[in-house]
Amino acid sequence: MIQTLAFYLFAALVIASAVMVIMARNPVHSVLWLILAFFNAAGLMVLVGAEFIAALLLIVYVGAVAVLFLFVVMMLDIDFAELRAGFVKNFPLGIAIALVLAAELIFGIGAYQAGQLELGVASGVAAPALDASNTASIGAVLYRDYVFLFEAAGIILLVAMVGAIVLTHRRTENARGQQDISRQVRRNPDEATVMKQPEVGRGVDL
Amino acid sequence: MDYATSFYFTATEIGLSLCGLALLLVAGWQGNKSARMVTIISVAALFGAAIFSIGLFDRATGEVAGRAFGDLYRADAFGSFAKVLIYVAAAAVLIVTPRFFERIDAYRAEYPVLMLFNAVGMGMMVSATDLMTLYIGLEMSSLSSYVLASFLRNDERSSEAGLKYFVLGALASGIILYGVSLVYGFTGSTNYAGIRAAFEASFSTGALFGVVFVLAGLAFKISAVPFHMWTPDVYEGAPTPVTAFFASAPKVAAMGMLLRMAMDPFGGEADAWRQIVIFAALASIVVGALGAIGQQNLKRLLAYSSINNVGFIMIGLAAATPGGVAGALTYLAIYVAMTIGSFTALLMLRAPDGTNLETFADISGLSTKRPALAWSLLALMFSLAGIPPLFGFWGKFVVFQAAVQADLVALAAIGIAASVIGAFYYLKFIKVMFFDEPTREVEATSPVSHWVVLGICVAIMSPLGYLLTVPLGEWTAQAAASFVAAM
């Protein structure tokens, strides 16, 4: 009973906040509604017993992706009047693409006949019944069966990082904010301060 | 799954990755002072990986058949052959790279490191027997390629090339992913053997859509017509050594991936994709030949030449027989040598003040000033045109032979006719170099390393190359047989 109630609560809130994401006039509000949608989706995941996915949803989507969105939205200067003008101009094209995508979706659902998906092991043998927790099972798949691809994906991220730095980083001689601690420690009052006795009516000679 | 066996079969990828990581640390600490040393170690690592791949060539027999990590990856004769080509091509390009960038003080130690990671990705592409491995390898290679294309970040054309390559490459990746998801949805497996088995059971329209999308995305990566538009711009804008790289190693990797994809998981449905491949082959040959005619920029011209050559390689694939695959691999090997030779010669063409010479006007009368270079270019251009005493002819011969044996006589005939059109602009090279009046000053000397690379390429293209026909025939036949063994 309580589960059913919780399900309807979470589901309704997900749908409502998803609608608000696209209806909100202020893009910052959109992102905040999106975060609410993520929270409720995490609640749904807990209800079906996928506690690891729920945690991932909160940590990765709310913690990282949504905050990143927020930064981007706040930093970008989006001209909504111009955006709307483009929307009206491209409306027929958008409708055409939407129709094509809808047709593909219907076609795909109609033709779907895969049957049993071979999840679990890379060799294609059906997954054995699990007596481990969700987290342990996901870890086993990620770090045991697909460890090669996992590490390779890590290298892709490294390449992306190196690439970004190579293309944007410029080495300047004395970059701002470079701190030489030993120089700071070596300084003493004799070098750092000068005593002056300025005469009346004349400036200080430095 | 036995980790020791898996690590052994994937040793080239693991070794090159570790080497790349270590060199990245060196590059981070030592900065650009270490660029030369990092390059030399990278070249050594690539040659080491090539030698190891040769050692694996016929090791992949028996029960495991080179399978690593539960058939995510297979180290077979085909993969080893393609990898030797990839690693040697990447090493050859790295050898001729530093001089180009050092002249304008733009060489950085990250360049060879990105090249190593690119090689890792390309190795994964040709050995992938799972759609996920394929995609990850493809992305690893593509991502570092985008960075390499815009490596001269202060040069407008280089940045433009990088951006263009990135946007269109991302689109192609998206198309491949869409096809992959359709194939996975309709077969229930990302594994090549699983896909093949599912296709044999039933081949639905949806699966056909998936196959078409995957092939279209791969056609972009090998720059086959109608997905070739990016090639001339990117090849022209990217720094010349990077262009030499794009035209050689990634072409082998993408072509190897396409061959394995078409022959292994989609091998039972050859009729479904043969028309696409025939169309792309013919269109590439014709567009490559006609598009090059009006070009004044030599890099653009070589870009069209590579589109043209991809068409000939795809004729071998269109045959969809082991003989066709062997022919395509032979052509690929010869093509790599010709391409690297041509671009090395282009790198050696410089004005005395160090600017790059890359138009027809710049090379007019080259034979009086740099006779050795002009004669080398002559051999390479005749070879690209497929004129008989040179080795380029052999590549065309084997793919046409395979096409005729597979009853694709019309395809072979059109291909031969179009290769005559293509001969026009290769001969224009010769005409401009040997019969026109010299107009520009050309730098009189070139580094020894460039001469060595050019010399090896020209030696392979010379009639001496025919000594290679027997071993090359054996290796490619064995490589093509690895698909049959895998079935």
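Just so it is clear: chains get the letters A, B, ... in the order the sequence lines come, proteins before strands, and each one is counted from 1. Since the structure is predicted, the reported quantities are computational estimates derived from the model, not experimental observations.
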Can you tell me which portion of Tyr146(B) sits under 4.5 Å from chain A's heavy atoms? Options are side chain, backbone, both or neither. neither
Heavy-atom cut-off 4.5 Å, strictly under: side chain, backbone, both or neither for Leu24(B) against chain A? side chain
Take atom CG in Asp105(B); do more than 12 heavy atoms of anything else shown fall under 6.0 Å from it? no
Has Phe199(B) got more than 12 heavy atoms of other residues, nucleotides or ligands less than 6.0 Å from its CZ? yes
Where Ala160(A) and Leu143(B) come nearest, the two heavy atoms and their spacing: CB-CD2, 3.7 Å
Given a strict heavy-atom distance threshold of 4.5 Å, which part of Ser141(B) is in contact with chain A: side chain, backbone, both, or neither? neither
For Leu148(B), is it the side chain, the backbone, both or neither that has a heavy atom under 4.5 Å from a heavy atom of chain A? neither
For Tyr61(A), is the OH atom crowded, meaning more than 12 foreign heavy atoms sit under 6.0 Å from it? no
Phe69(B) and Phe148(A) aromatic ring geometry - parallel, tilted or perpendicular at 30°/60° bounds: parallel
Closest heavy-atom contact between Ile136(B) and Ala153(A)? CG2-N, 4.2 Å
For the student: nearest non-hydrogen atoms of Ile156(A) and Glu139(B), plus distance: CD1-CB, 3.9 Å
Atom CZ of residue position Phe38(A) - does it have more than 12 heavy atoms of other residues, nucleotides or ligands inside 6.0 Å? yes
Can you see which heavy atom on Arg108(B) is nearest to which on Val166(A), and at what distance? NH1-O, 3.2 Å
Look at atom CE of Met45(A) and say whether more than 12 heavy atoms of other residues, nucleotides or ligands are closer to it than 6.0 Å. no
Between CG on residue Leu149(A) and CG on residue Asp130(B), distance to nearest 0.5 Å: 7.0 Å
Return the minimal non-hydrogen interatomic distance between Val162(A) and Glu110(B), and the atom names on each side. CG1-CG, 4.0 Å
Can you see which heavy atom on Met140(B) is nearest to which on Ile155(A), and at what distance? SD-CG2, 3.9 Å
Atom CD of residue position Gln184(A) - does it have more than 12 heavy atoms of other residues, nucleotides or ligands inside 6.0 Å? yes
Does CZ belonging to Phe69(A) count more than 12 external heavy atoms closer than 6.0 Å? no
Step by step, would you call Leu158(A) with Leu21(B) a side chain to side chain contact (heavy atoms under 4.5 Å, CB included)? CA-CA 9 Å; Leu158(A) 179 71; Leu21(B) 291 175; 3.3 Å; yes
